[in-house]
Amino acid sequence: MLLVGTVRRPHGLSGEVSVEIATAFPERFQPGARLAWRRGQEQRPLILESARAHGDRWLLRFEGVGDPEAARALAGGELCVPGEEAFPAPEGFYYSHRVEGWRCEDPAGRPLGTVAGLESTPAGPLLTVRTPEGKAALVPFVAAIVVEIDEASRRMVLDPPDGLFEI
């Protein structure tokens with residue numbers, strides 16, 4: 001399951017919730033969209049009734065959630081979709097769940113480690129590379145460092161600056 005948002009709190013009196021978006025594709029929030037809500041061991045399916053941008057968050061309303069109490073019950077939960085329902089990635093965009101486990105090597109073919117994750121940060125996307133020694137290196141996902149991506153062989157060639165893997 002892919003995280004697409006986190007419910008923060010109720011908004012207003014009609015059952016809307018304030019959601020922190022965790023996807024690069026907010027257009028997925030269209031009326032009729034099916035999402036899975038989960039918090040700890042609790043989970044339930046939800047059908048989106050309405051969505052609108054509100055500052056840096058979105059206000060969502062779901063079928064069957066029509067008052068502040070019902071909305072409050074969703075607070076703190078995650079909104080997810082199955083991985084196979086991920087939006088097709090545009091050219092040059094990679095999902096973390098798709099690149100996890102890919103082999104990383106330097107331009108000479110020496111192993112640097114495997115991708116443990118890819119996350120979006122305010123400074124730009126960062127790869128987490130698990131080194132053969134078991135340490136984690138944070139690698140900026142930029143063309144100057146990630147010089148080749150071979151999807152067929154699940155391999156990335158990295159040309160890191162000196163010291164990046166010296167942790």
Side-chain angles (χ1 to χ4, degrees), residues 1-9 17-29 33-46 48 51 53-60 74-167:
M1 297 294 277
L2 299 176
L3 177 69
V4 294
T6 302
V7 179
R8 293 302 179 199
R9 63 182 175 274
V17 291
S18 173
V19 174
E20 185 176 325
I21 299 300
T23 177
F25 305 103
E27 57 270 23
R28 94 162 21 266
F29 297 109
R34 296 180 181 281
L35 302 168
W37 173 89
R38 65 182 182 195
R39 182 178 57 209
Q41 297 300 314
E42 298 176 86
Q43 59 183 25
R44 71 184 258 203
L46 293 172
L48 189 60
H54 184 72
D56 61 348
R57 297 200 176 166
W58 280 63
L59 299 179
L60 307 182
L74 299 176
E78 298 177 333
L79 299 173
C80 304
V81 297
E84 60 271 9
E85 291 182 19
F87 271 40
E91 183 69 30
F93 184 93
Y94 295 89
Y95 285 109
S96 181
H97 72 282
R98 300 246 196 255
V99 298
E100 286 174 7
W102 285 23
R103 188 173 77 250
C104 295
E105 55 190 48
D106 69 11
R110 290 184 293 265
L112 295 172
T114 58
V115 176
L118 172 63
E119 64 183 274
S120 179
T121 71
L126 282 178
L127 275 175
T128 301
V129 177
R130 185 75 50 204
T131 68
E133 297 81 28
K135 296 180 180 176
L138 296 177
V139 179
F141 195 72
V142 295
I145 296 173
V146 182
V147 295
E148 183 182 336
I149 298 173
D150 183 349
E151 293 184 43
S153 65
R154 298 173 42 89
R155 177 180 68 93
M156 291 186 192
V157 176
L158 308 179
D159 190 11
D162 290 339
L164 185 66
F165 280 85
E166 313 291 319
I167 28 186

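Everything quoted here is computed from the prediction, not taken from an experiment.
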Are any side-chain N or O atoms of Trp37 and backbone N or O atoms of Leu46, one a donor and one an acceptor, separated by less than 3.5 Å?
no
Do Leu138 and Thr128 have side chains that approach each other closer than 4.5 Å (heavy atoms only, starting at C-beta)?
yes
Kindly indicate, with the supporting measurements, whether the criterion side-chain contact (heavy atoms from CB on, under 4.5 Å) is fulfilled by Asp150 and Trp102.
CA-CA 9 Å; Asp150 183 349; Trp102 285 23; over 6 Å; no
Taking every heavy atom of Ile149 against every heavy atom of Phe141, the minimum-distance pair comes out as CD1-CZ, 3.8 Å
When every non-hydrogen atom of Leu35 is compared with those of Phe29, the smallest separation belongs to CD1-CE2, 4.1 Å
Spatial distance of atom CG (Leu3) from atom CD1 (Ile21) [nearest 0.5 Å]
9.5 Å
With sequence neighbours excluded, what pairs up with Arg9 under the side-chain hydrogen bond (donor to acceptor under 3.5 Å, both in side chains) test?
none
Distance col, row Ile145:CD1 vs Leu127:CG, nearest 0.5 angstrom, shows 9.5 Å
When every non-hydrogen atom of Leu118 is compared with those of Val99, the smallest separation belongs to CB-CG2, 4.1 Å
Using the rule given for side-chain contact (heavy atoms from CB on, under 4.5 Å), can you reason through Leu60 versus Leu79, listing the C-alpha separation, both sets of side-chain angles and the distance that settles it, and then say yes or no?
CA-CA 11 Å; Leu60 307 182; Leu79 299 173; 3.8 Å; yes
So CG of Asp56 and OG of Ser18: to nearest 0.5 Å the spacing works out to 8.0 Å
For Glu119, the side-chain hydrogen bond (donor to acceptor under 3.5 Å, both in side chains) test, sequence neighbours excluded, returns none
Pairing residues for Ala33 by the side chain to side chain contact (heavy atoms under 4.5 Å, CB included) criterion, not counting sequence neighbours:
Leu48
Listed partners of Arg8 passing side-chain hydrogen bond (donor to acceptor under 3.5 Å, both in side chains), at least two apart:
Glu20
Quick one: salt bridge (Lys or Arg N to Asp or Glu O under 4.0 Å) partners of Arg44, sequence neighbours excluded?
none
Considering all heavy atoms of both residues, which atom of Cys104 and which atom of Val129 are nearest to each other, and what is their separation?
SG-CG2, 4.1 Å
Specify the closest pair of heavy atoms between Val19 and Gly5, including all atoms of both residues, with the distance to one decimal.
CG1-CA, 4.0 Å
Taking atom CD of Glu42 as the centre, report whether more than 12 heavy atoms of other residues, nucleotides or ligands fall under 6.0 Å from it.
yes
Partners meeting side-chain hydrogen bond (donor to acceptor under 3.5 Å, both in side chains) with Glu133 (sequence neighbours left out)
Thr131
Once side chain to side chain contact (heavy atoms under 4.5 Å, CB included) is applied, do any residues pair with Arg34, and if so which ones, sequence neighbours excluded?
Ile47
Residues two or more places apart in sequence or in another chain: which of them pass side chain to side chain contact (heavy atoms under 4.5 Å, CB included) with Ala108?
Asp106, Arg110
On a heavy-atom basis, which atom in Leu112 and which in Pro132 lie closest, and how many Å separate them?
O-CD, 3.3 Å
Could you go through residues 154-163 and list every donor-acceptor pair under 3.5 Å that involves a side-chain atom there, pairing it with any protein atom two or more places apart or in another chain?
residue	atom	partner	partner atom	Å
Arg154	NH2	Glu100	O	3.2
Arg155	NH1	Glu105	OE2	3.1
Arg155	NH2	Glu148	OE2	2.8

